[in-house]
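Everything on this sheet refers to the single structure shown next.
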2 protein chains.
Amino acid sequence: MASSVLGGLTPRAREIVQAARGLLDEEGPGALSMRRLGERIGMRAPSLYEHVRDKRTLEAALISVGFEEQAALFTRATDRSEEPLIAVAAAYREFARRQPHLYRLMTERPLHRELLAPGVEDAAALPVLLAMGGDLERTRALWAFAHGMVILELNHRFPPDADLDDTWRKGIEAFRTMRPA
Amino acid sequence: MASSVLGGLTPRAREIVQAARGLLDEEGPGALSMRRLGERIGMRAPSLYEHVRDKRTLEAALISVGFEEQAALFTRATDRSEEPLIAVAAAYREFARRQPHLYRLMTERPLHRELLAPGVEDAAALPVLLAMGGDLERTRALWAFAHGMVILELNHRFPPDADLDDTWRKGIEAFRTMRPA
DNA sequence: GTCTATATCAAGATAGAC
DNA sequence: GTCTATCTTGATATAGAC
């Protein structure tokens with residue numbers, strides 16, 4: 001079991017969460033309704049409530065899995081890298097581009113941290129913090145830059161002629177070369 | 001007339017857009033329904049359609065006004081400033097904090113540029129570009145940082161103990177001290 | 001454990017009377 | 001120009017039968 005979050009569920013609940021993930025990935029958060037979810041696994045929507053508490057809890061499970069995947073991806077990217085900051089930024093962007101809908105779900109609303117699997121958020125943040133030499137505020141500033149880049153791109157807010165690879169490079173360079181406080 | 005966007009509307013349409021702005025500012029995008037809007041100005045929802053094409057067009061009018069306000073605010077902040085980059089960043093943050101719901105409306109979805117008043121988007125961007133010495137890609141990187149900071153703060157995504165003033169300072173410093181490409 | 005039926009709520013938009 | 005009535009769609013969630 002790659003995910004300890006999924007591993008902690010009953011088989012039917014796991015099936016539901018996995019179906020939710022498929023629906024989310026394929027059609028976005030707007031398509032993630034209990035009805036559509038029921039359709040996907042051949043069950044009426046009301047029956048889902050026998051296995052998952054409510055929709056918020058279901059979304060929290062998806063978010064927990066997302067954090068697990070980020071933690072693995074970021075750790076792999078920074079391990080043995082000579083430029084961990086560049087590597088983790090590339091990994092961050094890659095995660096968001098490959099799973100844009102999950103990324104939105106994870107960032108566009110307040111986190112219900114009490115519904116998350118314990119520790120998953122910190123586990124995802126740790127490799128980024130290490131890549132920034134342990135400086136919390138600089139790490140958050142880098143995160144803001146990376147999130148801004150990713151979400152503005154997903155929202156098609158950059159002008160069509162923007163050279164985003166170059167923008168990424170210059171932004172990262174700003175953080176990489178700044179002298180420690 | 002402070003706004004050329006509002007100035008171009010019939011009186012009734014202007015009244016509707018202004019009521020929409022009030023509703024948005026007070027209760028957020030979720031409360032901005034044609035029904036609620038009708039209530040606010042003492043008119044049934046269907047009658048609104050005599051004055052505004054549809055909801056998307058109405059939202060686009062609000063966004064155009066937002067860009068006008070940003071342009072004025074950013075220009076005022078950078079004029080005669082000795083540190084225009086710091087000044088424009090502060091103004092950007094101030095705009096978002098003072099009108100969080102309008103800010104969301106302006107950034108969280110793809111822009112329907114064809115529905116905007118011509119030129120308003122560029123007018124808001126220009127003072128930022130000037131503050132960055134005319135470098136487009138660096139300006140976009142700064143924008144991504146500022147947007148990331150603002151939207152993560154609005155979404156309550158930073159941990160409660162985060163010192164956001166300090167994070168802003170460090171992020172801006174990274175961009176301010178970076179050597180030109 | 002799953003079903004049907006239903007409660008409740010809210011949305012955008014149109015037809016046609018006045 | 002505004003109204004009432006309505007269409008169409010969709011959501012989360014519960015009650016109670018099987």
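In what follows, every heavy atom counts, from backbone to side chain, and hydrogens, waters and symmetry copies are set aside. Order of the sequence lines fixes the chain letters, A, B, ..., with proteins taken first and strands second; residue numbering starts at 1 for each chain.
Using bins of under 30°, 30° to 60° and over 60° for the plane-to-plane angle, the ring pair A/Phe175/A/Phe145 lands in the tilted bin. The aromatic rings of A/His147 and B/His147 sit parallel, their planes meeting at an angle under 30°, below the 60° perpendicular limit.
For A/Arg104 and B/Glu108, the salt-bridge test fails: no basic side-chain N is under 4.0 Å from an acidic carboxylate O. Under the 4.0 Å criterion applied to side-chain N and carboxylate O atoms, B/Arg12 and B/Glu15 are assigned as salt-bridge partners. The pair B/Arg176-B/Glu173 meets the salt-bridge criterion, since a charged nitrogen lies less than 4.0 angstrom from a carboxylate oxygen.
Close approach of DNA chain D to chain B, defined as any atom under 4.0 Å from a non-hydrogen atom of the protein, starts and stops at D/dT2 to D/dA5.
Taking each heavy atom of A/Met149 and A/Phe158 in turn, the nearest pair found is O-CE1, 3.7 Å. Nearest heavy atoms, A/Leu85 versus A/Leu142: CD2-CD1, 4.2 Å.
Proximity of residues 25-52 of chain B to DNA chain C (heavy atom under 4.0 angstrom from any strand atom) is restricted to B/Leu32, B/Ser33, B/Met34, B/Arg35, B/Pro46, B/Tyr49. Remark: nothing in residues 53-64 of chain A comes within less than 4.0 Å of DNA chain C through any heavy atom.
Take B/Glu50 and apply the salt bridge (charged side-chain N to carboxylate O under 4.0 Å, His left out) test, not counting sequence neighbours, and it matches no residue. Under the side-chain contact (heavy atoms from CB on, under 4.5 Å) criterion, B/Ala117 pairs with B/Val5, B/Ser64, B/Val120, not counting sequence neighbours.
For B/Tyr103 and B/Tyr92, the gap between ring centers is short of 6.0 Å.
Rounded to 10°, the angle separating the first-five-pair axis and the last-five-pair axis of the helix from C/dG1-D/dC18 to C/dC18-D/dG1 equals 20°.
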**Item:** Step-by-step side chain to side chain donor-acceptor pair (under 3.5 Å) determination, B/Gln99 to B/Arg21
**Value:** CA-CA 10 Å; B/Gln99 349 237 26; B/Arg21 173 65 179 276; 3.0 Å; yes
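Of the residues A/Leu73, A/Val128, A/Ile172, the one that meets the side-chain contact (heavy atoms from CB on, under 4.5 Å) test with A/Val88 is A/Val128.
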